[in-house]
> 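Please see the structure below; I have some questions.
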Amino acid sequence: MGILSRWKIMAAFDNKWQLAISRLLFRRFPLNIYYYDGMALIVDHGAGDAPGIHDVLVRDMYRDRLRGAVLRGPLNVIDLGANAGSFGILLQKLGLQISKLVAVELNPVTYQRAAFNLTRNIKGVVIPLQAAVVGTARILNIRLGTGSTSDSIQGSEGGDGSMVAIAGITLDDLICEHFGDAIVDLMKMDIEGAEYEIFASESHHRITQCRYVLIEIHQDRGGEPESVKERLRDLNFELVPTTSTADADVTMWKNLSLAPQT
């Protein structure tokens, strides 16, 4: 990435000059505080937080899909694959009031940064969870580093970290425990291929409590994207149109079985 591109990204943050100098002159100190619309976020450039923060808050990875949804707060939200917590920050930036946010992050080190970023900034009940959402509840023993947007239930791409035991919980159990029978207004799912295991299991039926599902269906993770889309259609979800041609793997689905918000 060139200097101009990096500057365009930094310019989106309140402390752009501080960040620009830090990234230009002090790159060996990877931990930075990003100020975004008055919110303070810990970002570890040495652990791969920055791509996730930049994609969600600066680029148009989710914004265009969110424009196609009718969302009126206060909202119940689930964020699967929370990384450093940028999705919750984006919702607040867009003026969407959050009632309860359950944010699940696989990597225990990234989770610590997500927990800080979300609990410090979100005006609502925030429940950070360090776990993996899977089709069958179990303990996963996987090798993870200090954090990456590509961390998955198979481990990190680099494979240079320590072996850690991660609690694997089902989607049904997650929704039941934290929301009971209440409606979840929005669930975002970016879990690096684990979506195939979830939708192939019998433990995802409570997704029908969600008004909208914003999902990235990964094409290179050993599954067929159309199988996930077909399952969503079977559950009476409809694809929400978008004008964006970027990030084609990211789609928004509307639950036709739930009455729209008024």
Side-chain angles (χ1 to χ4, degrees), residues 55-56 60-72 75-83 87-88 90-91 96 100-104 106 131-137 149 152-154 168-261:
D55 282 346
V56 176
D60 205 18
M61 185 174 184
Y62 295 132
R63 288 174 188 261
D64 216 59
R65 280 71 178 178
L66 287 168
R67 291 186 192 106
V70 179
L71 293 168
R72 297 186 177 91
L75 304 174
N76 286 332
V77 180
I78 297 175
D79 183 2
L80 304 183
N83 194 250
F87 186 68
L90 174 65
L91 295 181
L96 295 170
K100 179 187 285 188
L101 168 64
V102 176
V104 183
L106 167 79
V133 178
V134 291
T136 303
T149 55
S152 72
I153 59 174
Q154 284 76 43
I169 59 177
T170 69
L171 183 60
D172 282 354
D173 286 346
L174 176 75
I175 294 175
C176 181
E177 179 176 351
H178 294 285
F179 294 97
D181 293 325
I183 290 174
V184 177
D185 299 288
L186 174 63
M187 180 171 71
K188 169 237 165 186
M189 182 184 292
D190 182 2
I191 49 178
E192 303 301 315
E195 63 268 18
Y196 294 111
E197 177 179 324
I198 291 170
F199 283 101
S201 75
E202 293 298 322
S203 57
H204 65 272
H205 295 282
R206 279 183 177 263
I207 198 172
T208 56
Q209 291 176 225
C210 300
R211 291 189 190 278
Y212 290 95
V213 174
L214 178 59
I215 180 172
E216 180 170 1
I217 306 174
H218 298 79
Q219 299 197 36
D220 56 350
R221 294 288 184 169
E224 174 51 54
E226 189 56 37
S227 67
V228 175
K229 296 176 184 179
E230 189 61 35
R231 184 61 187 137
L232 285 166
R233 294 188 190 102
D234 290 343
L235 293 166
N236 209 25
F237 282 84
E238 177 184 75
L239 183 65
V240 176
T242 179
T243 58
S244 176
T245 57
D247 299 299
D249 294 343
V250 179
T251 51
M252 176 76 88
W253 297 79
K254 176 184 179 180
N255 189 342
L256 299 177
S257 299
L258 293 178
Q261 288 181 299

> For K100, I'd like to know if atom NZ has over 12 heavy atoms of other residues, nucleotides or ligands within 6.0 Å.
yes
> List the atom of L90, the atom of Y62, and the distance in Å for their closest heavy-atom pair.
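In this case the closest contact between L90 and Y62 is CD2-CB, 4.1 Å.
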> A69 and M252: which non-hydrogen atoms are nearest, and at how many Å?
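That would be CB-CE, 4.0 Å.
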> To the nearest 0.5 Å, tell me how far R65 CZ sits from T242 OG1.
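Between R65 CZ and T242 OG1, I get 4.5 Å after rounding to 0.5 Å.
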> Output all residues satisfying salt bridge (Lys or Arg N to Asp or Glu O under 4.0 Å) with D64, sequence neighbours left out; order by chain, then residue number.
R67
> For the CG atom of L232 and the CD1 atom of I207, what is their distance to the nearest 0.5 Å?
5.5 Å
> Nearest heavy-atom pair of C210 and M187: which atoms, and what distance?
SG-CB, 4.1 Å
> Which heavy atom of W253 sits nearest a heavy atom of V240, and at what distance?
C-CG2, 4.2 Å
> Kindly indicate whether the side chain of I183, heavy atoms from C-beta on, has any atom under 4.5 Å from the side chain of N76.
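Answer no - side chains too far apart.
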> How long is the span from the CD atom in E195 to the CD1 atom in I217, to the nearest 0.5 Å?
7.0 Å
> Would you list the pairs meeting salt bridge (Lys or Arg N to Asp or Glu O under 4.0 Å) in which at least one residue belongs to residues 173-186, sequence neighbours left out?
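Those involving residues 173-186 are D181-R206, D185-R211.
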> List for me each residue that meets salt bridge (Lys or Arg N to Asp or Glu O under 4.0 Å) alongside D172, sequence neighbours excluded, and say none if there are none.
none
> Could you work out, with salt bridge (Lys or Arg N to Asp or Glu O under 4.0 Å) as the rule, every residue matching E226, not counting sequence neighbours?
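So E226 forms a salt bridge (Lys or Arg N to Asp or Glu O under 4.0 Å) with R233.
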> Kindly compute the distance separating OG1 (T170) from CD1 (I175), expressed to the nearest 0.5 Å.
9.0 Å
> Name all residues meeting the side chain to side chain donor-acceptor pair (under 3.5 Å) criterion together with S227; count only those two or more places apart in sequence or in a different chain, and write none if there are none.
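Not a single residue meets the side chain to side chain donor-acceptor pair (under 3.5 Å) criterion with S227.
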> Can you check whether D249's main-chain N or O pairs, donor with acceptor, with E216's side chain at less than 3.5 Å?
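A pair under 3.5 Å: no.
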> Under the side-chain contact (heavy atoms from CB on, under 4.5 Å) test, which residues partner D79, sequence neighbours left out?
A82, F87, L101, A103, K188
> Between CG of L96 and CZ of R72, what distance do you get to the nearest 0.5 Å?
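Taking CG in L96 and CZ in R72, the distance rounds to 11.0 Å.
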> When rounded to the nearest 0.5 angstrom, what is the spacing between CG in L235 and CD in E230?
10.5 Å
> Which residues pass the side chain to side chain donor-acceptor pair (under 3.5 Å) test with S201, not counting sequence neighbours?
S203
> Quick one: side-chain contact (heavy atoms from CB on, under 4.5 Å) partners of V133, sequence neighbours excluded?
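Applying side-chain contact (heavy atoms from CB on, under 4.5 Å) to V133 gives L80, V104, I169, L171, L174, I198.
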> Could you tell me whether the side chain of L66 reaches within less than 4.5 Å of the side chain of L186, counting heavy atoms only?
yes
> Mind checking what makes salt bridge (Lys or Arg N to Asp or Glu O under 4.0 Å) contact with E238, not counting sequence neighbours?
none
> Using side-chain heavy atoms (C-beta onward) and a distance below 4.5 Å, is F199 in contact with I215?
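Yes, their side chains come closer than 4.5 Å.
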> Work out which heavy atom in D190 is nearest to a heavy atom in E192; give both atom names and the distance.
OD1-OE2, 3.2 Å
> Using side chain to side chain donor-acceptor pair (under 3.5 Å) as the criterion, list what pairs up with H204, not counting sequence neighbours.
R231
> Which heavy atom of P225 sits nearest to which heavy atom of Q219, and what is that distance?
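Closest heavy-atom pair between P225 and Q219: CG-CG, 3.8 Å.
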> Would you please name every residue forming a side chain to side chain donor-acceptor pair (under 3.5 Å) with N236, sequence neighbours left out?
S257
> Ring pair (Phe, Tyr, Trp, His ring centres under 6.0 Å) with F237: which residues, sequence neighbours excluded?
none
